[in-house]
Structures are given as C-alpha cells and as structure tokens.
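Written below as structure tokens is the structure these notes are about.
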Amino acid sequence: MSDLEEEYRLDYFEEHGFRRTECSECGDHFWTLDPDRETCGEPPCDEYSFIDDAGFDEEFELGEMREAFLSFFEERDHDRIDPYPVAANRWRDDVLLTQASIYDFQPLVTSGTTPPPANPLTISQPCIRMQDIDNVGVTGRHTMAFEMMAHHAFNAREDIDDPEQYAYEGEAYWKEETVAYCLELFEELGADPQEVTLIEDPWVGGGNAGPAFEVIYKGAELATLVFMQFEQDADGEYEMKDGNCYSPMDTYIVDTGYGLERWAWVSQGTPTVYEAVYPDTIDFLTSNAGIDHTDEEAEIVHRAAKLAGRMDIDEAEDVEAARDDIAAEIGVETERLRELVEPLESIYAIADHSRTLAYMLGDGIVPSNVGTGYLARMVLRRTKRLVDTVGVDAPMDELVDMQAERLDYSNRDTIRDIVRTEVEKYRETLDRGSRRVESLAEEYAETGDPIPTDELVELYDSHGIQPDMVEEIAAERGVDVDVPEDFYSAVAQRHEEEDVASAAETAGYADRIADLPETDRLYYEDQNRTEFEAVVLEVFEREDGDYDVVLDQTMFYPEGGGQPPDHGTLSTEDVTADVTDVQVHDGVIVHRADADPGTGDFVTGQVDGTRRRRLMQHHTATHVVGHAARHVLGEHVRQAGAQKRTDSARLDVRHYEPVAREEVKEIERVANDLVTDNSQVTQEWPDRHAAEAEHGFDLYQGGIPQGEQIRLITVDEDVQACGGTHVSRTGDIGAIKIRSTERIQDGVVRLSFAAGEAAIEATQETEDALYEAGDALDVDPMDVPETAERFFEAWKDRGKEIEELQEQLAEARASGASDGEEVDLDGTTAVIQRVDAEMNELRATANAISEDGSVAVIGSGADGAQFVVAAPEGSGVDAGAVVSELADRVGGGGGGPSDFAQGGGPDAAALEDALADAPDVLRQVMSA
RNA sequence: GGGCUCGUAGAUCAGCGGUAGAUCAUCCCCCUGGCACGGGGAAGGCCGCGGGUUCAAAUCCCGCCGAGUCCA
C-alpha cells in the first residue's frame with residue numbers, strides 16, 4: 001500500500017518556506033509558514049481568534065465577499081459560471097439537493113463523458129445540507145443554506161491509449177496552482193499567511209477519492225482543496241480512510257470549496273456567523289418578537305456567543321453540555337443565560353431556514369410527501385414551530401419573501417402562495433393531531449396509566465405528531481407520557497422490516513451487441529417518412545421464438561422518453577417479419593421481429609404510419625399541454641413524468657393544490673390556441689452547455705440526456721431536451737382534449753388527455769355516456785344533471801317513506817296479531833308468525849311485538865329462510881339461542897344478543913317445519 | 001418509490017360481524033322583561049366506490065378512489 005504522503009509534497013511549499021509538521025494535540029500532519037507553530041490550528045486544538053478581531057483588511061457583506069472571490073479568479077483566467085439550482089435532481093437522479101459545487105458537474109463531467117461549461121471555472125453555488133438542521137442557530141457556525149464558492153479544473157491524462165475518449169484533454173492546472181491561488185487570495189484580502197495552516201486530510205466520497213487540504217485561518221476552516229484522482233478499485237494500491245482500495249483515474253479534477261458565509265464572518269469578526277450573514281433579518285425578527293436586551297444583557301449574550309464560538313462545539317448537544325461552563329465563566333446563572341440565549345438561537349434558525357425555503361421554492365420545489373418536496377415541507381414546518389415558539393408575529397410567507405427578494409427570485413408571488421398553502425395545511429394537521437391526542441389523553445386519564453411508547457410511535461409515524469406535543473397536551477389532563485430516549489430509533493425500528501425489493505436483472509443484450517456499431521437513426525432525419533432500406537447486421541434468436549434484428553440504420557423509433565416503440569414490418573423478397581417491439585441499448589437499436597430476415601440481407605422497413613402519427617401527435621401535445629399548464633398554473637409547474645399512447649397520453653406535473661375545473665378548461669383553451677396557431681415544431685442539436693446557458697435546466701423536464709450535443713424540441717416558446725418524434729406543425733396535432741386530472745401524490749397532479757383523432761374519440765365516448773344516461777332517464781342529454789339530481793332525491797325520499805310504512809305495517813301486525821300463532825310460555829306470550837318480507841320489515845315487526853310485551857319469532861321465506869327473534873326484558877327467553885336453533889334447521893346460522901337476534905339459512909322448504917317447532921324450541925331454551 | 005393511519009349526519013368523532021349512535025351546529029317548543037345558559041323535541045346517513053366471504057358486512061378480505069403521515 002502506498003502512503004499518500006508524497007502526494008502532499010509540493011514545490012510551492014518548498015519555494016515559499018512552508019514546513020510539514022505533526023499537530024501536538026491531534027496528530028494530524030499540516031503545513032505552515034510559522035516556525036514556532038505546534039498545533040494544526042483547527043478547534044479543539046486551537047480556538048477561534050477572529051471574533052472581535054476581524055481576519056481581513058476590510059469587512060465584507062455576503063454579496064461583496066462573493067464578488068471579491070469570483071473576480072479574483074476571473075482575473076486569473078477562470079470563467080465565471082452561473083450557479084445551478086439547489087434541486088440537484090433537476091440534472092442528476094442520485095441525489096435530491098445540491099450539497100457542494102462539484103455536484104453541478106457530477107456525474108457526466110467528472111467522468112469525462114461531457115465537457116465542463118468552462119475550464120477552469122469559478123462559481124458560487126448555493127447549497128443545502130439538511131443534516132445540519134439540528135445545529136443551525138445553536139452552534140453559532142452551522143447554516144443549512146450556504147454558498148460554496150469554488151474554483152474547478154478538469155484534467156485528463158494524455159499518456160493513455162486513447163486520450164480522445166474523454167470530453168476534455170490535457171491539464172488545466174493541478175495541485176501547485178490550486179494551493180498557490182488559495183494563499184494568494186488570503187494575501188490579497190490582507191490575511192497574515194503565517195496564521196494559515198493546511199491540514200492533510202484525504203477525501204473520500206461517492207466512489208472517488210484523493211488527497212486534500214483543509215485550509216484553516218484563525219481557527220476557522222475556510223477552504224477545502226480536494227484533488228480528486230482515484231476511483232474505487234478492489235485491486236487498487238491506495239487504501240483510504242473508508243477502508244476501501246482505490247486506484248488512479250484517467251481524469252483528475254480540482255475540487256475546491258470556500259464557504260462564503262464563513263469568509264464573510266471572519267471578515268467581520270461577529271460572535272456568530274448568523275450576525276454576519278443576516279444582520280437585517282435578525283434585527284427585524286428580534287424587534288418583531290419583542291426581544292429587547294439591556295446593555296448588560298447584550299453583553300452577556302455577546303460574551304457567551306464568543307465563548308461558544310471558541311469551543312469545539314460541533315453538535316447541538318455539545319452546546320447544552322457547555323452551557324454550564326460558559327455561564328460560570330461569565331458569572332451568571334445557567335438558567336438566566338439560557339433564557340437570554342435560546343430565543344436568539346431560534347431567531348438565527350428562522351433566518352437561516354427562511355433562506356433555505358427561499359432557495360428551495362425559488363428553484364421550483366413544490367412541497368410534497370415525497371422527494372425534495374418532503375424536505376421543503378419539513379423545513380417549513382420546523383420554521384413555523386420556531387416562529388410560534390419565539391413569538392414572531394410576521395406571517396411565514398413574508399419571512400420567506402424577504403429572503404426571496406434578497407436572492408432576486410422572480411417567482412415571488414408563487415413562493416408566497418405556496419408558503420401560505422403549506423402553513424394552512426400544517427395548521428390542519430396540528431388541529432387533527434391535537435384532537436387525536438386529547439381523546440387519547442382522556443382515555444389514559446381514566447386508567448391512570450402513562451401513554452405508552454407504541455402509541456407515541458403511531459402518533460408520529462402515521463399522523464405526524466411530535467412527542468413533545470403529546471406531552472404538552474397530556475400534561476393538561478394530568479397524564480404521563482412515556483417518551484424513551486431513543487424515540488426516533490423506535491420509529492426506525494418500525495420501518496426496518498420493510499422489504500428491499502431486488503431489481504430484476506434485465507436484458508442479456510449488453511455483451512451481445514457490444515461490438516455492433518450504433519444504429520443510424522433515420523427517424524430524426526424525416527419524422528414523417530415511414531419506409532426505408534437497410535442492411536441486416538445481426539440477428540439473434542430469442543428464447544420465445546422471436547428474433548432480435550439489428551440494422552445499420554432504421555426508421556423505427558425505439559421506446560424512450562415515455563414514447564412507446566414503433567410497430568411495422570421488415571421485408572426481404574422472401575420474408576415479411578412483423579416488428580412488435582423496438583429497444584435501444586447503448587445506441588444499438590434492436591427490433592423484435594417474428595421472422596428471421598437473414599443476416600447480411602437488404603430489407604425494406606415499413607413503419608406502421610397510423611400508430612406512429614398518433615404517438616407523434618400525443619408527444620407534441622404533451623409539450624403543448626405542459627406549456628399551457630405552466631402558463632395557467634404558474635412558472636413552478638414542471639414535468640414529473642409522462643407517458644404517451646396511441647389513444648391518450650398523461651402528463652404528471654408538480655403543483656401545490658388540486659387543479660380546479662376552470663383551470664382545466666383554461667389549460668385546454670391555451671393548448672388548443674397553440675394548435676390553431678399552427679406554428680413550426682423544430683428540432684436542433686446544440687452544444688449542451690450553450691443550450692443550458694440559454695434555456696436553463698428546465699430543458700431536462702423529461703430526463704437528462706448524455707453527450708456533448710443534445711436534441712432540443714421547440715414548440716412555440718417551449719423548449720425541451722427530448723428524444724421523441726414530433727409532428728412538424730402544431731396544427732398537425734388536430735385537437736387536444738383533457739379528459740381528467742387526478743392527484744398522484746401530494747404536490748403532483750396528473751393531466752390525462754387525448755390528441756388528434758383520439759381527442760375526437762374521447763369526446764365521443766363522453767357524449768355516448770351522456771346520451772345513454774339520457775336514454776335511461778328518458779330525457780334530453782342536456783337535462784341529465786338536473787334529472788339525475790331530482791331522481792336521486794326522490795329515491796332517497798322513497799326509501800324513507802318505505803321505512804315508515806314498514807314500521808306502520810309492523811305495528812298493525814303486532815296489534816292485530818291475527819295471522820300469528822300465540823303460545824303461552826309460563827305467563828309470557830310468544831307470537832310466532834310467518835311474514836314473507838325483507839329483513840327490515842321482519843325486524844320492525846319483531847320490535848313492535850316485543851314492545852307490546854310478547855316474545856316475537858318471525859320467519860320469512862322471501863330470500864331463503866330468515867328469522868328474527870325479539871324478547872322483551874324479563875321474558876327469560878334468550879333470543880340468540882332461539883335463532884341459533886331455528887337457523888340450524890334451515891341449514892344456516894345466526895345469533896345476537898339475548899333481547900334481539902337474527903339469522904337464517906338457504907333451506908326455505910324447511911321454514912314451515914322450523915316455525916312449527918318454534919314453541920318447543922322456546923320452551924327448551926327457557927328451561928336450559 | 002416504500003410503510004403506516006383514516007374515509008360513518010353540515011362539523012368533530014364513537015361503533016369494528018347481529019335494530020346506525022353521541023357531541024356541536026340547524027329548526028321548533030318551554031324557561032326569561034330581553035340575552036347568555038338551561039330543559040324538551042324534530043330534521044339531517046348510497047356508513048367513499050366496486051367486488052368477495054357469511055344466514056347476516058358500516059364492521060372481515062381484495063381492488064379502486066380520496067385524505068393524512070413517516071421514511072429513502
């Protein structure tokens with residue numbers, strides 16, 4: 001195993017007089033200019049020394065700092081790149097949120113598949129790290145939202161067999177320049193280089209690794225310089241700290257990260273990072289919450305923050321532990337300190353969370369119960385709780401809007417709307433929750449037991465009610481709550497048994513087609529042609545008897561982008577094979593055919609034109625409907641999935657509330673206006689970075705394509721990266737009919753629609769249903785709604801009337817008792833009667849008789865054989881036992897409480913005999 | 001994407017195989033000089049929809065629709 005030590009020996013250090021030494025406290029190796037330095041500089045080995053003693057010549061606000069950084073690197077031949085969205089799942093599917101600037105370039109750029117937008121480049125990338133959520137506000141240094149300033153260089157080895165296989169070649173720069181830039185930046189800002197240390201700290205992440213420096217200045221970690229150059233490899237010669245082995249890659253990448261907030265903080269020397277980042281917001285929130293400290297109190301808070309900053313506090317729990325020490329050092333009671341500091345901690349967190357929400361919602365995340373939407377919902381609810389606890393009296397949408405304004409988002413109205421909707425939803429959840437907890441607390445108040453853990457887990461997991469809320473409500477009713485220390489792991493326990501379905505291994509194509517050339521895709525050349533000539537390159541016989549045919553070129557569109565494959569035929573002079581499926585694997589298009597056209601032969605391909613045309617209409621219509629939905633519902637609307645068919649298509653779209661009927665009509669109108677405009681639908685193949693720069697990541701609503709060139713489809717103002725086939729003018733769609741909308745998940749709405757002939761068919765189908773309903777009701781179709789309503793009302797009235805009549809009839813029967821047999825049972829009268837009617841009537845009759853003081857045994861042969869037995873109180877007859885015995889005689893069963901029972905069986909023929917035996921049965925039961 | 005919970009009167013919920021209930025709201029009557037309260041009564045239900053099991057389903061099973069919630 002090679003050690004990485006050599007990797008850190010740079011000429012730069014040699015030339016500038018740096019020395020390598022080992023920290024006397026933690027044992028890490030680091031580089032320094034200071035001949036006397038013994039410790040690495042990072043807490044806990046050293047303390048923060050910039051608080052009240054700013055680290056640079058000038059103080060920088062956030063924007064100033066960002067500009068200083070970016071222009072510094074611009075002056076040194078880096079291209080400035082616009083930041084990417086915080087929703088990283090807009091361009092990659094392995095993560096939800098952007099957590100570092102390098103996320104922007106993974107995986108396609110780092111692997112060398114796609115060129116970077118510029119090389120080298122500099123960027124200030126907004127990031128969100130949810131894992132820090134508990135620390136925000138409390139530790140003084142953690143923020144959930146932050147900007148990672150960075151300079152990146154993408155390099156590829158030239159001493160390999162085929163340097164051209166990568167999207168970039170040669171070396172922009174590597175370690176020497178990276179370190180030099182970093183220290184030059186410090187010097188330019190007026191930092192004392194003697195106080196800078198570079199700690200050797202190998203980096204590992206996402207299957208890659210490499211040497212790295214943590215750059216520390218006055219106790220604060222201000223930059224990380226990562227030299228990504230290894231990839232995971234079981235046979236690799238470098239063993240990294242994660243225990244895996246790594247070997248060198250052909251590409252090697254400079255990945256740096258400079259935390260903008262920390263740089264601004266160090267430049268200002270405020271006690272906490274929040275005061276440097278959100279001075280205005282904090283002023284607003286403190287005055288709004290009515291927090292007004294005396295000079296003495298302000299001094300205590302200031303000293304406490306300063307002390308906390310100096311300590312090694314990396315987690316919120318550490319703060320709690322440190323609170324006593326801090327209070328002692330300042331000379332105040334711990335409790336007093338807590339009262340002063342805790343509201344401020346909440347306010348810091350509110351400021352940070354509001355900014356996080358502004359980023360998330362500004363970048364188009366819609367709150368939901370899945371994905372990034374869920375994360376946004378969690379942040380919003382947490383913020384709302386903090387706002388309520390600390391007594392801030394401003395609406396949430398205003399707090400978020402303040403940040404959105406600062407971040408210069410243009411969709412602020414939508415953001416406010418979303419926040420208001422979410423807050424309202426949360427209020428409803430809390431209402432529901434407290435009602436539930438109240439009734440539960442009352443239940444346990446009666447028994448005197450504490451509310452057990454499994455009830456708590458259930459409340460949290462299924463109803464979103466936090467244990468502290470349960471405690472609060474339960475306490476009002478004097479009920480204890482059993483909250484275990486490891487509550488959240490008890491919740492996790494519940495999820496542990498969930499099965500992890502293993503993905504079925506698909507297609508054994510990979511090795512079989514690896515040597516075949518990529519198929520020429522004729523369907524992009526002329527999307528309206530259906531006939532073509534080709535040469536058969538290879539034929540594989542399938543296990544099911546069909547054949548997989550590979551051609552040199554094809555007009556057949558393979559399944560992709562939610563568009564199903566073309567069907568059609570491949571013919572030679574001898575054979576005509578039906579094509580029923582077309583798939584693409586690594587650029588090789590495979591046609592599934594029911595006959596073997598013969599390898600090496602010429603074939604004539606014929607695509608099923610009707611099917612293709614219908615699919616194209618639906619595909620273009622999908623773009624049109626998406627565009628119309630965006631127009632009507634708002635800019636946040638984005639595709640969350642789509643499927644096209646020959647008779648209909650569906651488009652799933654992110655939206656935060658149900659789509660109203662009026663909105664559906666409006667979308668339909670806008671969409672059909674686009675059809676009427678008959679504008680050209682164009683395709684082009686621009687460079688991907690040029691396309692991204694011009695149109696943004698909204699291009700990738702249908703998925704993220706690979707490669708340096710991407711295919712763009714433009715329909716009116718709507719531009720999307722799309723591999724599907726499209727009609728050439730919007731007029732060719734014919735018509736668009738939205739058939740239904742439904743809520744797929746919270747935050748996702750499905751629009752189902754039909755285009756072209758299918759739209760006509762869909763309309764006809766709906767009309768048919770209406771006509772049939774009209775026929776059935778014998779009214780004009782237009783009168784169906786009114787008539788249906790009238791009929792439904794009349795039907796309900798009749799039900800009530802029947803019930804009333806049945807009761808009257810029952811009473812008449814009971815008082816008349818003419819056709820019933822009366823039996824005397826030790827002073828109590830029993831009436832045995834056959835009434836061939838339905839159960840309701842039987843019950844009513846039995847009830848009426850029983851109310852008159854007699855035992856009732858009613859039998860019916862209307863539907864099999866059925867009995868109802870009712871016994872007045874004190875009769876000594878167990879109705880359940882009687883019914884059970886009688887029902888047994890007609891081949892069934894029955895039962896019920898002793899005063900009223902019912903039952904029956906299929907054998908109607910035995911009913912009379914059973915009723916004849918009833919007196920005996922009654923006597924038997926009474927004596928039993 | 002997966003797990004869990006819930007759909008019963010206008011609202012909130014109970015019932016969880018055997019006659020559909022409570023509270024609030026609504027309407028009427030009584031009490032009062034009037035109001036609040038109190039008392040008496042009435043009206044209000046495709047028990048989400050569709051299948052299945054059963055002599056019998058609001059209740060058990062399956063599917064669908066709708067709502068909520070936790071996790072990745």
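Owing to the predicted nature of the structure, the values given are computational and were not obtained by experimental measurement. Protein chains get the first letters and strands the later ones, always in sequence-line order, with residue 1 at the start of each.
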Contacts of type side-chain hydrogen bond (donor to acceptor under 3.5 Å, both in side chains), residue A:Asp746, not counting sequence neighbours: A:Arg377, A:Lys425, A:Arg743

Partner set under salt bridge (Lys or Arg N to Asp or Glu O under 4.0 Å) for A:Asp449, not counting sequence neighbours: none

Partner set under salt bridge (Lys or Arg N to Asp or Glu O under 4.0 Å) for A:Asp920, not counting sequence neighbours: A:Arg923

Evaluation steps, side chain to side chain contact (heavy atoms under 4.5 Å, CB included), between A:Gln833 and A:Glu821: CA-CA 6 Å; A:Gln833 190 170 359; A:Glu821 178 192 354; over 6 Å; no

Under 4.0 angstrom between A:Arg377 side-chain N/O and B:rC70 OP1 or OP2: no

Atom [atom1], compared across [N] and [M]: separation rounded to whole Å:
N      : M      : atom1 : value
B:rC46 : B:rG1  : C1'   : 35 Å
B:rU8  : B:rA58 : C1'   : 7 Å
B:rG48 : B:rA11 : P     : 13 Å
B:rG51 : B:rG44 : C1'   : 30 Å
B:rC65 : B:rU53 : P     : 23 Å
B:rA14 : B:rG7  : C1'   : 15 Å
B:rC47 : B:rG38 : C1'   : 34 Å
B:rG45 : B:rG21 : P     : 14 Å

Which part of the nucleic acid does [X] contact within heavy-atom distance under 4.0 Å: base, sugar-phosphate only, or nothing?
X        : value
A:Arg381 : sugar-phosphate
A:Tyr460 : sugar-phosphate
A:Gly371 : base
A:Gly864 : nothing
A:Val868 : nothing

RNA chain B: 5'-proximal contact among A:Met839 and A:Leu459 (nearest heavy atom): A:Met839

A:Ala865 vs A:Glu793, nearer the 5' end of RNA chain B by closest nucleotide: A:Glu793

side-chain contact (heavy atoms from CB on, under 4.5 Å) involving A:Gln806 - partner list, sequence neighbours excluded: A:Ile802, A:Glu838, A:Asn840, A:Glu841

Strand contacts (RNA chain B) in residues 424-437 of chain A, 4.0 angstrom heavy-atom criterion: A:Thr429, A:Arg432, A:Arg435

Those residues of residues 462-473 of chain A lying under 4.0 Å from RNA chain B by at least one heavy atom: A:Ser462, A:His463, A:Gly464

Can you tell me how far [atom2] of [N] sits from [atom1] of [X], to the nearest Å?
X        : N      : atom1 : atom2 : answer
A:Tyr656 : B:rG68 : OH    : P     : 16 Å
A:Glu438 : B:rU12 : CD    : P     : 15 Å
A:Leu440 : B:rC13 : CG    : C1'   : 14 Å
A:Glu458 : B:rC6  : CD    : P     : 7 Å
A:Ile744 : B:rG1  : CD1   : C1'   : 13 Å
A:Lys800 : B:rC46 : NZ    : P     : 9 Å
A:Glu442 : B:rU12 : CD    : P     : 18 Å
A:Glu443 : B:rC13 : CD    : P     : 15 Å

A:Asp132 (side chain) donor-acceptor with A:Met144 (main chain) under 3.5 angstrom: no

Validation row: A:Ile832, A:Val823 side chains within 4.5 angstrom (heavy atoms): yes

Charged N-O contact under 4.0 Å between A:Arg889 and A:Glu885: yes

NZ/NE/NH1/NH2 to OD/OE distance under 4.0 Å, A:Glu422 and A:Lys384: no

Sequence neighbours excluded - ring pair (Phe, Tyr, Trp, His ring centres under 6.0 Å) pairs with any residue from residues 445-475 of chain A: A:Tyr460-A:Phe487, A:Tyr460-A:Tyr488

Residue pairs fulfilling side-chain hydrogen bond (donor to acceptor under 3.5 Å, both in side chains) with at least one residue in residues 903-915 of chain A, sequence neighbours excluded: A:Arg834-A:Glu912

Watson-Crick or G-U stems involving RNA chain B, each at least 3 pairs long, distances under 3.5 Å, ordered by first number: B:1-7 with B:65-71, B:10-13 with B:21-24, B:26-30 with B:38-42, B:48-52 with B:60-64

Nearest-nucleotide pick for A:Asn369, side chain only, options being B:rU69, B:rG1, B:rC4: B:rU69

Among B:rG66, B:rA67, B:rC70, the one nearest A:Glu742 by side-chain distance: B:rG66

Letter per nucleotide, 5' to 3', of nucleotides 19-24 of chain B [B base touched, S only sugar-phosphate touched, - untouched; heavy atoms, 4.0 Å]: BS----

Side chain to side chain donor-acceptor pair (under 3.5 Å) between A:Tyr700 and A:Arg638, worked out: CA-CA 10 Å; A:Tyr700 301 143; A:Arg638 286 203 176 73; over 6 Å; no

Using a 3.5 Å cut-off and no angle test, enumerate the donor-acceptor pairs between side-chain atoms of residues 430-444 of chain A and protein atoms at least two apart in sequence or in another chain.
unit_1	atom_1	unit_2	atom_2	d
A:Asp431	OD2	A:Arg427	NH1	2.9
A:Arg432	NH2	A:Thr429	OG1	3.4
A:Ser434	OG	A:Leu430	O	2.8
A:Ser434	OG	A:Asp431	O	3.2
A:Ser439	OG	A:Arg436	O	3.1
A:Glu442	OE2	A:Arg477	NE	3.2
A:Tyr444	OH	A:Glu455	OE2	3.1

Which donor-acceptor pairs under 3.5 Å do the side chains of residues 786-793 of chain A make with protein atoms, sequence neighbours left out?
unit_1	atom_1	unit_2	atom_2	d
A:Thr787	OG1	A:Asp783	O	2.7

Verdict with supporting geometry, A:Asp134 and A:Arg382, salt bridge (charged side-chain N to carboxylate O under 4.0 Å, His left out): CA-CA 10 Å; A:Asp134 289 323; A:Arg382 190 187 176 94; 3.2 Å; yes

Heavy-atom pair of closest approach, residues A:Ala879 and A:Pro897: CB-O, 4.0 Å

